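Read through the structure below, which is laid out as structure tokens, and then see the notes.
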Amino acid sequence: MPELAEVEFFRTRWDCGLGQRVLRVRLHADNRIFRKTDTAALVRTLTGAALRSSVAHGKQLLFRFSHEAWLGLRFGMTGELRSEGPKFVPGRHEHLVLGQARRSLVFADARQFGLVRFHQGATAPDWWSELSPTVDSPAFTRDRLKELLKRHARAPLKAVLLMQEGFPGIGNWMADEILWRARLSPRLRAGQLDDTDVFALWRAIRLVAAGALRIVAPSFADPPASWLFRHRWEPGGKCPRDGSLLERATVGGRTTVWCGQCQEE
DNA sequence: GGAGTTGTTTAGGA
DNA sequence: TTCCTAAACAACTC
């Protein structure tokens, strides 16, 4: 479920706990979600620590606590954050619950494709500080995009846009939306683009990222009907630009929707 | 019961 | 060696 804007939406759901101490940590230590986590250290350190701040980077979140404690979260397909009452009892999918005096901060993920990470230290962990620039940051330049396309010249555009090391935050629906805006077929090989195409793709990336953050992040609202998003899952869905029937196929290993008329092969 | 799901990692092939 | 693809992970819905 969560891409750039959805992750940002979930981040703010724990804002109500900022500045407050964690009194009790409950977790399902044996679950796959903790495969990279020292759960004993997490429980020991976060108990009594106060939540200081949070930040999103693409599909990833980092929460900073007092006691030099850092909590990293990834959502996979079905992860989410919620705030519940102080007496909340975790169900089988609520893998991590930080109990504060007035609320419980809940991380749930039914499929457990997500990830919980814990770090202790004066500075953010390496797996956070080494992330490449997100697509909405000033560092994501046209030259950087050109370089990424060159590096994966033989892969289809759709597959390249989904690579988090190059395009942090872009997921399946955003990739389709971007390619539709740029009028480029998802099946085009990345190395086939000329400078005009690269510029169109860059502009579409910026526009879709900014639009998603503006529309989706504050309240999880759907984008307007002028976006491909609203038509991509409908049977018989039509292109909001020219009204022709949308195409659907697996590209780059993922279900992909595009307009065969206005997206250049 | 089978197919599909807004994600990532890994094994194996080209 | 490097890069790309398909399968696997786990649980739910239609």
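In this text, all values refer to a predicted model and were calculated from it rather than measured experimentally. Quick note on labels: first sequence line is chain A, next is B, and so on, each numbered from 1.
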Exercise. Give the rounded distance in Å between these two atoms: CZ of A:Phe75 and C1' of B:dT8.
Key: 15 Å

Quiz item: Under 4.0 Å between a side-chain N/O of A:Arg74 and OP1 or OP2 of B:dG7, yes or no?
Solution: no

Quiz item: Could you state the CZ-P distance from A:Arg32 to B:dT8, rounded to the nearest angstrom?
Solution: 13 Å

Quiz prompt | Sole candidate of A:Arg82, A:Lys87, A:Glu94, A:Arg26 that passes side-chain contact (heavy atoms from CB on, under 4.5 Å) when paired with A:Ser104 | solution = A:Arg26

Quiz item: Does the ring of A:Phe113 lie flat against the base of C:dC9, closer than 5.5 Å centre to centre with planes under 30°?
Solution: yes

Self-check item: Spacing of A:Arg35 atom CZ relative to C:dC9 atom P, expressed in whole Å
Solution: 12 Å

Self-check item: Sidechain N-carboxylate O distance under 4.0 Å for A:Glu177, A:Arg232
Solution: no

Practice problem: Find the distance A:Ile33:CD1 to B:dG7:P and express it as a whole number of Å. | Solution: 15 Å

Practice problem: Just compare C:dC4, C:dC12, B:dT8 and give me whichever is closest to any side-chain atom of A:Ala155. | Solution: C:dC4

Quiz item: Closest to the A:Pro156 side chain: C:dC12, C:dT5, B:dG7?
Solution: C:dT5

Self-check item: Integer-rounded Å distance: C:dA11 C1' and A:His28 NE2
Solution: 14 Å

Quiz item: If each of A:Lys36 and A:Asp222 is mapped to the nucleotide of DNA chain B with the nearest heavy atom, which maps nearer the 5' terminus, i.e. the 5' end?
Solution: A:Asp222

Quiz item: Counting only side-chain N and O atoms of A:Arg254, is one of them less than 4.0 Å from OP1 or OP2 of C:dA7?
Solution: no

Quiz prompt | Phosphate contact (C:dC4 OP1 or OP2) by A:His152 side-chain N/O below 4.0 Å | solution = yes

Exercise. Examine B:dT5: is either OP1 or OP2 under 4.0 Å from a nitrogen or oxygen in the side chain of A:Thr255? Give yes or no.
Key: yes

Self-check item: Protein-nucleotide distance (A:Glu80, atom CD; C:dC12, atom C1'), rounded to Å
Solution: 13 Å

Exercise. In whole angstrom, give the distance that lies between atom CG of A:Asp176 and atom C1' of B:dG7.
Key: 15 Å

Practice problem: In whole angstrom, give the distance that lies between atom CE of A:Met163 and atom C1' of B:dT9. | Solution: 13 Å

Quiz item: Is any side-chain nitrogen or oxygen of A:Gln112 closer than 4.0 Å to OP1 or OP2 of C:dC9?
Solution: no

Quiz item: Any side-chain N or O of A:Arg154 under 4.0 Å from OP1/OP2 of C:dT2?
Solution: no

Quiz item: Does a salt bridge link A:Arg183 with A:Asp197, judged by any charged N lying under 4.0 Å from a carboxylate O?
Solution: no

Self-check item: NZ or CZ of A:Arg203 within 45° of A:Phe199 ring axis and under 6.0 Å
Solution: yes

Quiz item: Can we say A:Lys158 and A:Asp176 salt-bridge, meaning some charged N sits less than 4.0 Å from an Asp/Glu carboxylate O?
Solution: yes

